Every structure is written in structure tokens, then in C-alpha cells.
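Keep in mind it's a predicted model, so treat the numbers as computed, not measured.
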Amino acid sequence: LGKNQWRGSIPTEISALVNLTGLDLSSNELSGQIPAEMGLLSNLKTLNLFDNELEGEIPSPLFGLPALESAVLGQNNLVGTVPSL
């Protein structure tokens, strides 16, 4: 789903995709905050939100995901620290 020039925020309803293992929304024009509800995606292994216009704190529930192996969040306006996975 990367490089599609999508605009707007990441919908909180994404948390309903409980079997999702990979999500690539890189190189779009997504804005707003990363929804904390993404912390409910317990099967998520890879997350790529690189090169968007996301801002604010990185939700701490993201880093409690048991399967998460890789999170690429650069080239946004995010603040805070990223714990190691």
C-alpha cells in the first residue's frame, strides 16, 4: 500500500485486522498521529510508515506487540524515544 499518495489519517478501525502480519504505508501523505489502537495488532511482524507526515508521540502499545520484528518510522514528525524490539 506504499507509494499511493494516500492522504489523511490512519483509521483506528485498522485494529480490526487482527490477523495482519505486515503493514506498509510508506511514502504516502498520511498525517496525524499513529493510532494507539494499532497496538491491538498482536500478529503484526513488520510495520513501515516511512516518509509520511505523521506527528506526535509514538504510541507505547506498538512496542508491546509480541510478534513485532521491524518498525520503520523515519521521515515523519514523530517525537519520543523508540525502544529496541
If every non-hydrogen atom of [X] is compared with every non-hydrogen atom of [Y], which pair is closest and at what distance?
| X | Y | value |
| --- | --- | --- |
| W6 | N28 | N-OD1, 3.0 Å |
| I10 | M38 | CG2-SD, 4.3 Å |
| E53 | N76 | N-OD1, 3.4 Å |
| P66 | S42 | CG-O, 3.7 Å |
| P59 | A36 | CB-CA, 3.8 Å |
| P11 | P35 | O-CG, 4.3 Å |

Taking atom [atom1] of [X] and atom [atom2] of [Y], what is their separation to the nearest 0.5 Å?
| X | Y | atom1 | atom2 | value |
| --- | --- | --- | --- | --- |
| Q75 | S26 | CD | OG | 11.5 Å |
| S15 | L17 | OG | CG | 8.0 Å |
| L44 | E69 | CG | CD | 10.0 Å |
| T21 | L68 | OG1 | CG | 11.5 Å |

Going by heavy atoms in the side chains, are [X] and [Y] under 4.5 Å from each other?
| X | Y | value |
| --- | --- | --- |
| L62 | I34 | yes |
| V79 | E57 | yes |
| L23 | N48 | no |
| L54 | L78 | yes |

For this session: Determine whether F50 and L30 fall in the same hydrophobic cluster, where Ile, Leu, Val, Met, Phe, Trp and Tyr are linked whenever their side-chain heavy atoms lie under 4.5 Å apart.
Result: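 No, it is not one cluster - the side chains of F50 and L30 are not joined through contacts under 4.5 Å.
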
Exercise. Hey, quick one: are I14 and L40 part of the same hydrophobic cluster, counting side-chain heavy atoms closer than 4.5 Å, chains of contacts allowed?
Worked result: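 The answer is no; the residues belong to distinct hydrophobic clusters.
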
Exercise. Under the 3.5 angstrom rule, does the side chain of N52 hit a backbone N or O of S31 as a donor-acceptor pair?
Worked result: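 No; judged by distance alone, with no hydrogens or angles, the pair does not exist.
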
Exercise. Would L49 and V72 count as a side chain to side chain contact (heavy atoms under 4.5 Å, CB included) if you check the C-alpha gap in whole Å, the side-chain angles of each, and the deciding distance to 0.1 Å?
Worked result: CA-CA 6 Å; L49 300 176; V72 182; over 6 Å; no

